[in-house]
Each structure stands twice: as C-alpha cells, then as structure tokens.
J.: 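Okay, here's the structure, questions in a sec.
Note that the coordinates shown come from a computational prediction; the quantities given were computed from them, not determined experimentally. The sequence lines fix the lettering, A, B, ..., with proteins before strands; numbering per chain opens at 1.
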2 protein chains.
Amino acid sequence: MPPNLQPVFRALGDPTRRDILRMLGQEPMTIAEVSEHFDMTRAAVKKHLVMLSDGGLINVEPRGREKVNSLNAAALKPVFEWLSWFDKFWDDRLDALKTAIEKDQSHDTGRNND
Amino acid sequence: MPPNLQPVFRALGDPTRRDILRMLGQEPMTIAEVSEHFDMTRAAVKKHLVMLSDGGLINVEPRGREKVNSLNAAALKPVFEWLSWFDKFWDDRLDALKTAIEKDQSHDTGRNND
DNA sequence: TATATATGATACCTAAAAGTATCACGTCAA
DNA sequence: TTGACGTGATACTTTTAGGTATCATATATA
C-alpha cells in the first residue's frame, strides 16, 4: 500500500517545518527545545510538530512530562522516489545510475509514485 | 545564488499541481487541455499553473492565441538536493553512491540546501 | 503536599489558498 | 469584418493555515 504522499508534501511546504526537520536531524528535542529556535509561541511550534507527525516525518515519544520529537527520515523516501520520476528530464545519467543502484539493491520496489 | 525553495515546495504541496507536473511530463499542453483532465473550472487550473510557474516548474510559451505549458523539471533539482541531506538517515549505501556519482560529474554543485 | 513546569486543548483572529463566476482582450477563421 | 474561441484579469466566497492567548492536565520537585 503506497503511503499517502499528501500529508508529507504538505508538511514540507512550510519553511519552519523544513527547518525543524533539519534541527531534529541533528538531535531529538522536546517541544520547548524546538520552540527556543523560533520567534513564535510554543503552541504554534506544537502545531507544526503535529503536521510533521501527520506526515510521519517525526516520531514523538513521552519522557516523563516531556515529549521527545525525533526525525523519521524514512518518511521522506516516497517523496524522493516521486521526484525521481522526473530525473530523466534533467539528468539522464544520474537517473540511469540510480536505477542501476536500486536494481542492485533488493528493495521492495512496489512503488506507485502517485 | 541558491534558488528560493519555498515557491517550489509550496507548488508541490498540492496534489492537483503534482498531477499537472506528471501530465506535462508526458507532453506540453495548453491551459484548456490541462483543464480537461480536472473537475474544476479553467480559471482554477490557471491559478495552479501560475503557482507552478512561480516555482519555475513549468515554462509557458505563447502559440497564437494559446499558451503552451511545458515541464521544467530542472526546478526540481534543488528539492531533490534538499532531500538528499536526509539520505544518511535512511540509506547510507544509496547516499554514498549518489555522492560518488555527483563528485564524478562535473556539476556546478554550488549547493546551499536551505 | 504544594508548587512549578511541560505539555495538551480550545477558542479566536488574520491571511492565504482554492475555487467559482464574469467580463475584457487578442487572435483565428468564415 | 464579424464572430467564435482561448486566454487574462478581477471580484467574490469558502476553507485551511499559521499564529496568539488562555486554561486544563499531568509530572517533577522542594
């Protein structure tokens, strides 16, 4: 079952959320810690985290009274693959090689790309 | 100067626009032709095309009284590269190979990735 | 236990997105 | 040259996104 791409693309559509992803790529953070990096209320940051969670882009785990948000980069994979459909238009060579790599790997390439 | 990613990500955030990109990947189309594929007015489709154009994702060329919209997949490249930053989290092997490919190519890899 | 703290949830505001309807304008064709 | 046709542009409506403010709840901690 192909994952629904829409929540992922929607989550990526906001610059604050893209920044958050990069931050969580460095280290997991609580909501308060993420909020420190932005000039907006914690509630606003929380909403962004919910959207990221909706897209499966982050994992949220309780730790006492805190919630630790960590990156789930695997959720980006379908996006990457959706984009790869267009490789042929801007770089035939890279596309060919990447296809070879994917074939070489024993991946479940049950891709739908929609 | 790194292209502004925001208009591109915003354009990709809507499923109709992603569909249009795939359609234009098959062949260039006029606004009327694109509109035939969707259950909405031509004006609405036109707005989507403007957003795609804002992100540089399509080229629009006049042909008599028509406008021919064609895919500009090169505009997806920065998005692809932005995503590639996360490769290490979900597939070290593919990332390593892709890096090797890019190094092998003589590309203007003046990437900023923000 | 009493209190401070981290988060959750709700209501509300503003702006932008997505869509429709309508009309104006340029171009092709009879 | 007169329509017909494809498009551009504007005004309008509805929904969603992004944000603030506020209060409730659960958990540490003095």
J.: Go through the structure and list residues passing side-chain hydrogen bond (donor to acceptor under 3.5 Å, both in side chains) with A:Arg10, not counting sequence neighbours.
T.: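 A:Arg10 satisfies side-chain hydrogen bond (donor to acceptor under 3.5 Å, both in side chains) with no residue once adjacent residues are dropped.
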J.: Round to a whole Å and report the spacing from CD of A:Glu66 to P of C:dT5.
T.: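 Spelled out: CD on A:Glu66 to P on C:dT5 is 13 Å.
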J.: Kindly give the heavy-atom pair with the smallest separation between A:Val68 and A:Pro28, and that separation in Å.
T.: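 What the structure gives for the nearest pair is CG1-CB, 3.6 Å.
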J.: Can you list the residues that meet the side-chain hydrogen bond (donor to acceptor under 3.5 Å, both in side chains) rule with B:Glu36, with sequence neighbours excluded?
T.: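 Scan of B:Glu36 (side-chain hydrogen bond (donor to acceptor under 3.5 Å, both in side chains), adjacent residues dropped) gives none.
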J.: Quick check: do B:Gln6 and A:Arg18 have side-chain heavy atoms less than 4.5 Å from each other?
T.: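 B:Gln6 reaches A:Arg18 side chain to side chain.
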J.: Please report, rounded to the nearest Å, how far the C1' atom of C:dT10 is from the NZ atom of A:Lys46.
T.: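 About 13 Å, once rounded to whole Å.
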J.: Looking at side-chain heavy atoms only, is the closest gap between A:Trp82 and B:Arg22 below 4.5 Å?
T.: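 Yes, side chains in contact.
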J.: Take the angle between the ring planes of B:Phe80 and A:Phe80 and call it parallel below 30°, perpendicular above 60°, tilted in between.
T.: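 Tilted: the ring planes of B:Phe80 and A:Phe80 meet at 30° to 60°.
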J.: How long is the span from the CG atom in A:Leu83 to the CH2 atom in A:Trp85, to the nearest 0.5 Å?
T.: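 These two atoms lie 11.5 Å from each other.
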J.: Mind calculating the distance between CD (A:Glu33) and C1' (C:dT5) to the nearest angstrom?
T.: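 From A:Glu33 CD to C:dT5 C1': 14 Å.
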J.: Do any of residues 34-45 of chain A sit with a heavy atom less than 4.0 Å from DNA chain D, and if so which?
T.: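 Residues of residues 34-45 of chain A that come under 4.0 Å of DNA chain D are, in numerical order, A:Met40, A:Thr41, A:Ala43, A:Ala44.
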J.: For A:Thr30, which contact category applies under a 4.0 Å heavy-atom criterion: base, sugar-phosphate, or nothing?
T.: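 If one applies the 4.0 Å heavy-atom cut-off, A:Thr30 turns out to touch the sugar-phosphate alone, with no base involved.
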J.: On DNA chain D, reading 5' to 3', which nucleotide is the first and which the last to sit with an atom under 4.0 Å from a heavy atom of chain A, could you check?
T.: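 Contact boundaries, 5' end first: D:dA17 to D:dA28.
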J.: What side-chain donor-acceptor pairs closer than 3.5 Å can you find for residues 46-65 of chain B, not counting sequence neighbours?
T.:
unit_1, atom_1, unit_2, atom_2, d
B:His48, ND1, B:Arg17, NH1, 3.0
B:Arg63, NE, B:Glu66, OE1, 3.4
B:Arg63, NH2, B:Glu66, OE1, 2.9

J.: With side chain to side chain contact (heavy atoms under 4.5 Å, CB included) as the criterion, how do A:His37 and A:Met29 come out once you've worked through the C-alpha distance, each side chain's angles and the decisive distance to 0.1 Å?
T.: CA-CA 11 Å; A:His37 293 75; A:Met29 293 185 188; 4.1 Å; yes
J.: Here's a test for you: under side-chain contact (heavy atoms from CB on, under 4.5 Å), which of A:Leu21, A:Leu76, A:Ile20 qualifies with A:Leu71?
T.: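 It is A:Leu21; the other options fail the test.
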J.: Measure NZ/A:Lys67 against C1'/C:dA9 and give the value in whole Å, please.
T.: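 Computing the A:Lys67:NZ to C:dA9:C1' distance gives 12 Å.
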J.: Any heavy-atom pair between the side chains of B:Thr16 and B:Met40 that's under 4.5 Å?
T.: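 SC-SC contact between B:Met40 and B:Thr16 confirmed.
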J.: Once you round it to whole Å, what is the distance between C1' of C:dA16 and NZ of B:Lys47?
T.: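 Rounded to whole Å, this separation is 11 Å.
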J.: Anything under 3.5 Å between a protein N or O and an N or O of nucleotides 24-30 of chain C, put it in a table, one pair a line.
T.:
unit_1, atom_1, unit_2, atom_2, d
C:dT27, O2, B:Arg65, NH1, 3.4

J.: Measure the distance from CD on B:Gln6 to C1' on C:dA17 and round it to the nearest whole Å.
T.: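 Interatomic distance, CD of B:Gln6 to C1' of C:dA17: 13 Å.
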